[in-house]
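Everything numeric in this text was worked out from a predicted model, so none of it was measured. No hydrogens, no waters, no symmetry mates; every other heavy atom, side chains included, goes into these values.
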Amino acid sequence: MNVGQLQLWIDRLWIVSLQRWLFIAVSLGCVAGASVITTLAAGTQTGVVVAVMVALAVGAVIRPDSHAALAVEAAVVWQWLATTDDATTPWVIPLAAVLFIFHSLIALMAVTPINAHVRGRLLLWWLQRSGYVMVATVGVWAIVLVLDQRRAPGSVALTVAGFVTLTVIILVTRAFSATPAQERPG
């Protein structure tokens with residue numbers, strides 16, 4: 001980036017919508033939260049890692065249409081895998097939630113101009129659909145927890161039946177949550 005491009009970028013900061021600043025703040029908070037959640041789950045103190053994660057997230061919110069958000073998510077997952085031994089800990093639910101929110105906000109910022117204001121109906125519609133994702137996330141975690149606690153030898157038939165059931169639930173939920181095009185907010 002040369003000096004002229006940097007100056008143009010700085011000059012454009014004043015047209016960024018208030019809603020966009022809110023999305024940026026929530027995105028950065030989600031990444032910091034994900035790192036803190038991982039720290040709490042692992043029982044270690046890693047303040048420097050939180051700062052590095054937030055610095056990576058700043059790059060992602062500056063250029064949401066790049067692969068910087070993928071790098072942030074990969075870094076959070078790497079931190080989780082490197083520091084947390086228990087895959088079934090309840091801390092994985094809030095971690096998944098904040099990563100989902102971060103990912104969704106970055107995707108929203110990538111497809112809207114910096115001065116755009118997303119209507120409230122669209123945000124409420126997104127929140128409703130996001131609720132389904134979080135319910136499914138908790139459901140999958142519960143299934144993993146139950147299978148882990150059973151300590152029984154694996155059953156291919158039971159695993160296939162579980163995945164087929166989960167797929168049917170997802171498809172039915174998707175069918176009932178879709179609205180006709182003329183009723184969609186946006």
Practice problem: Calculate, to the nearest 0.5 Å, the distance between atoms CG and CD1 belonging to Leu70 and Ile106 respectively. | Solution: 11.5 Å
Quiz prompt | Thr165 side, atom OG1; Ile143 side, atom CD1 - distance, nearest 0.5 Å | solution = 8.5 Å
Quiz prompt | Tyr132-Leu99 co-clustered via ILVMFWY side chain contacts under 4.5 Å | solution = no
Exercise. Using the side-chain contact (heavy atoms from CB on, under 4.5 Å) rule, take Val140 and Leu166 through it: C-alpha gap first, then chi angles, then the decisive distance, then the call.
Key: CA-CA 9 Å; Val140 169; Leu166 196 56; 3.6 Å; yes
Exercise. Please name the pair of heavy atoms, one in Ser35 and one in Gln79, separated by the smallest distance, quoted to 0.1 Å.
Key: OG-OE1, 3.1 Å
Quiz item: Can you tell me how far CE of Met53 sits from SG of Cys30, rounded to the nearest 0.5 angstrom?
Solution: 14.0 Å
Self-check item: Minimal non-hydrogen separation, Thr137 against Ala96, with atom names
Solution: CG2-CB, 3.9 Å
Self-check item: Closest non-hydrogen atom pair between Met109 and Ile24, with its separation
Solution: SD-CG1, 3.9 Å
Quiz item: Do Phe23 and Leu122 belong together in a cluster built from hydrophobic side chains that touch within less than 4.5 Å?
Solution: yes
Self-check item: Exceeds 12 heavy-atom contacts within 6.0 angstrom, atom CG of Leu127
Solution: yes
Quiz item: Do Arg20 side-chain atoms and Ala116 backbone N/O form a donor-acceptor pair below 3.5 Å?
Solution: no
Quiz prompt | Path from Val26 to Trp126 over hydrophobic side-chain contacts below 4.5 Å | solution = no
Exercise. State, yes or no, whether a side-chain contact exists between Leu123 and Gln19 at a heavy-atom distance under 4.5 Å.
Key: yes
Quiz item: Looking only at heavy atoms, what is the nearest atom pair of Val54 and Leu28, with distance?
Solution: O-CD2, 4.1 Å
Self-check item: Spacing of CD1 belonging to Ile170 relative to CZ belonging to Phe163, to within rounding of 0.5 Å
Solution: 10.0 Å
Quiz item: Looking at OG1 of Thr84 and CG of Leu40, how far apart are the two atoms once the value is rounded to the nearest 0.5 Å?
Solution: 10.0 Å
Self-check item: Donor-acceptor under 3.5 Å (Thr38 side chain, Trp80 main chain)
Solution: no
Self-check item: Heavy-atom side-chain contact between Val31 and Leu56 under 4.5 Å
Solution: no
Quiz prompt | Lys NZ or Arg CZ of Arg121 over Trp125 ring: under 6.0 Å, within 45° | solution = no
Quiz item: CZ/Phe100 to CG/Leu95 distance, rounded to the nearest 0.5 angstrom?
Solution: 13.5 Å
Practice problem: Measure across Phe102 and Ala57 and return the closest heavy-atom pair with its distance rounded to 0.1 Å. | Solution: CE1-CB, 4.4 Å
Quiz item: If you take all heavy atoms of Ala60 and Ala68, which pair is closest and at what distance?
Solution: CA-CB, 3.6 Å
Quiz item: Got Leu105 and Val61 here, is their nearest side-chain heavy-atom distance under 4.5 Å?
Solution: no
Practice problem: Using a 4.5 Å cut-off on heavy atoms from C-beta on, say whether the side chain of Trp141 contacts that of Pro90. | Solution: yes
Quiz item: Honestly curious: do Val76 and Trp91 fall in one hydrophobic cluster under the side-chain, below-4.5 Å linking rule?
Solution: yes
Quiz item: Hey, any chance Trp78 and Val49 share a hydrophobic cluster, counting ILVMFWY side chains that come within less than 4.5 Å of each other, even indirectly?
Solution: no
